[in-house]
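Let me begin by presenting the structure, written as structure tokens, before commenting on it.
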There are 2 protein chains.
Amino acid sequence: MALEHAILVSLLEKPGSGYELARRFERSIGYFWTATHQQIYRVLKRMESEGLLAVREMSQQSRPDKKEYSVVGPGRTALSQWLHEPIQPESIRHELAVKIRGAAFDNPSVLIREVERHRQVHSDRLAHYQAGELRDFTGPAAATPLDAGQELQHVVLRGGIAYERMTIAWLDDVLATLRRLSTAHPPA
Amino acid sequence: MALEHAILVSLLEKPGSGYELARRFERSIGYFWTATHQQIYRVLKRMESEGLLAVREMSQQSRPDKKEYSVVGPGRTALSQWLHEPIQPESIRHELAVKIRGAAFDNPSVLIREVERHRQVHSDRLAHYQAGELRDFTGPAAATPLDAGQELQHVVLRGGIAYERMTIAWLDDVLATLRRLSTAHPPA
DNA sequence: TCCTTCTATGCAACTCGTTGCATAGCCAAG
DNA sequence: CTTGGCTATGCAACGAGTTGCATAGAAGGA
């Protein structure tokens, strides 16, 4: 149940509503954990009923009311306990890699467009991460010195940057391979 | 339904039983797509009933009987069709990254052991991939020249190697950060 | 002989995650 | 004034994935 823990972390960093959490899962937290709003609302409700979170109804002007969630004692304890438990190292799920191996049983050139599209997405993500890094950690407007929380956010972001860079380089390798095979065996 | 397609690819590469597929999902295919035997048996049964696969009962000596599955016409068509459809670029799910950000709300040093353990696992995987690369693609015993299928398997394996290398380097960065923060704020 | 390990298949129950749909207030543009 | 977009929350149904358990033949060691 890592979603639960991701929510605890995000709400400890800053309390917010389900909607706001869904936004955060599209950026920051979402770089390494994704969730849809439906999932988030469901889990928030459960966590609140389990006493991990507190809710506060907020009436807003010029916007619908919202429910602001924040972490209470037992939630913090649950997070701390989870931090002490081992988790099993990630198992990758890379659908594109399945496709690439599958291309051996069709024409490799059909994948070129698809791989180029993926490359573009990763390239955009990299630019986005780098802009965030400059804004929050390495630029002139960044806090100095960084506190522990910021240092940890930064090292996670560096992981995202390293991942995107590696992926882009690999996709270039894939493209070169696909193009080579397409030349050798032109489309029927 | 990428599991279905991963199974098609694996069975096209070589027909086999559910048990054998489960083994393959622990190595080769499993480098980028994981599945348990229960999942595999369930999906194989469904795919067979949908006419994508053919089964052959094989009685074996000194072993229980097995059912050997192989891809038939409609299965191949289904794979080919899937290759032409776009898929959405991967969203990472990195539980360890959630933990690292969560460490800001506990003591960062509690994660050092955990991160070291993960580093070891990735380091072992890298060694395993590199041994496979030498055996199948770059060593003296490798086929020359490689056919299209082997070229594609190789480029996927290179992706796995790049991923593990990148991850190990990042985990070293994480460890350095955690150690720095632990020194600055020694355990209570 | 008994215990464990490996091959081989499967059910049942559950949790996690996705997709489609619905509601509702407010704002701005056409 | 209607349409579309953004904030905000939620239900229902389904599909994907995990966990625990069960069965069973054969091999090999204590």
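Within every chain, numbering begins at 1; the chains are lettered A, B, ... in the order of the sequence lines, protein sequences first and strands thereafter.
Protein atom CZ of F25(A) is 13 Å distant from nucleotide atom C1' of dG17(C), rounded to whole Å. Atom P of nucleotide dA8(D) and atom CZ of R24(A) are separated by 12 Å, given to the nearest angstrom. One interatomic measurement links the two molecules: CG of D65(B) to P of dG25(D), which rounds to 11 Å at whole-angstrom precision. As rounded to whole Å, 14 Å separates atom C1' of dA24(C) from atom OH of Y19(A). One interatomic measurement links the two molecules: CG of L21(A) to C1' of dG10(D), which rounds to 16 Å at whole-angstrom precision. Note: CD (E20(B)) to C1' (dA8(C)) measures 10 Å, nearest angstrom. For the pair K66(A) NZ and dT9(D) C1', the computed distance is 13 Å after rounding to whole Å. As a whole-Å value, the separation of R56(B) CZ from dT9(C) C1' is 18 Å.
Residues Y41(B) and G18(B) approach most closely at CE2-CA, 3.7 Å, considering heavy atoms. For the pair G102(A) and L83(B), the tightest heavy-atom approach, listed with the atom from each and the gap, is O-CD1, 3.7 Å.
Counting only residues at least two apart or in different chains, salt bridge (Lys or Arg N to Asp or Glu O under 4.0 Å) contacts with residues 67-88 of chain B comprise R56(B)-E68(B).
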Per-nucleotide protein contact string for nucleotides 14-20 of chain D, where B marks a base within reach and S marks sugar-phosphate only (heavy atoms under 4.0 Å, - for neither):
--SBBBB
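The phosphate of dT9(D) (OP1 or OP2) has a side-chain N or O of Y41(A) nearer than 4.0 angstrom. For K45(A), no side-chain nitrogen or oxygen approaches OP1 or OP2 of dT9(D) to under 4.0 Å.
H94(A) and W170(A) have their aromatic ring centers within a separation under 6.0 angstrom.
In this structure, R46(A) places its CZ atom where more than 12 heavy-atom neighbours from other residues, nucleotides or ligands lie under 6.0 Å away.
In summary, the side chains of R23(B) and S28(B) do not present any donor paired with an acceptor at a separation below 3.5 Å, with no hydrogens or angles considered.
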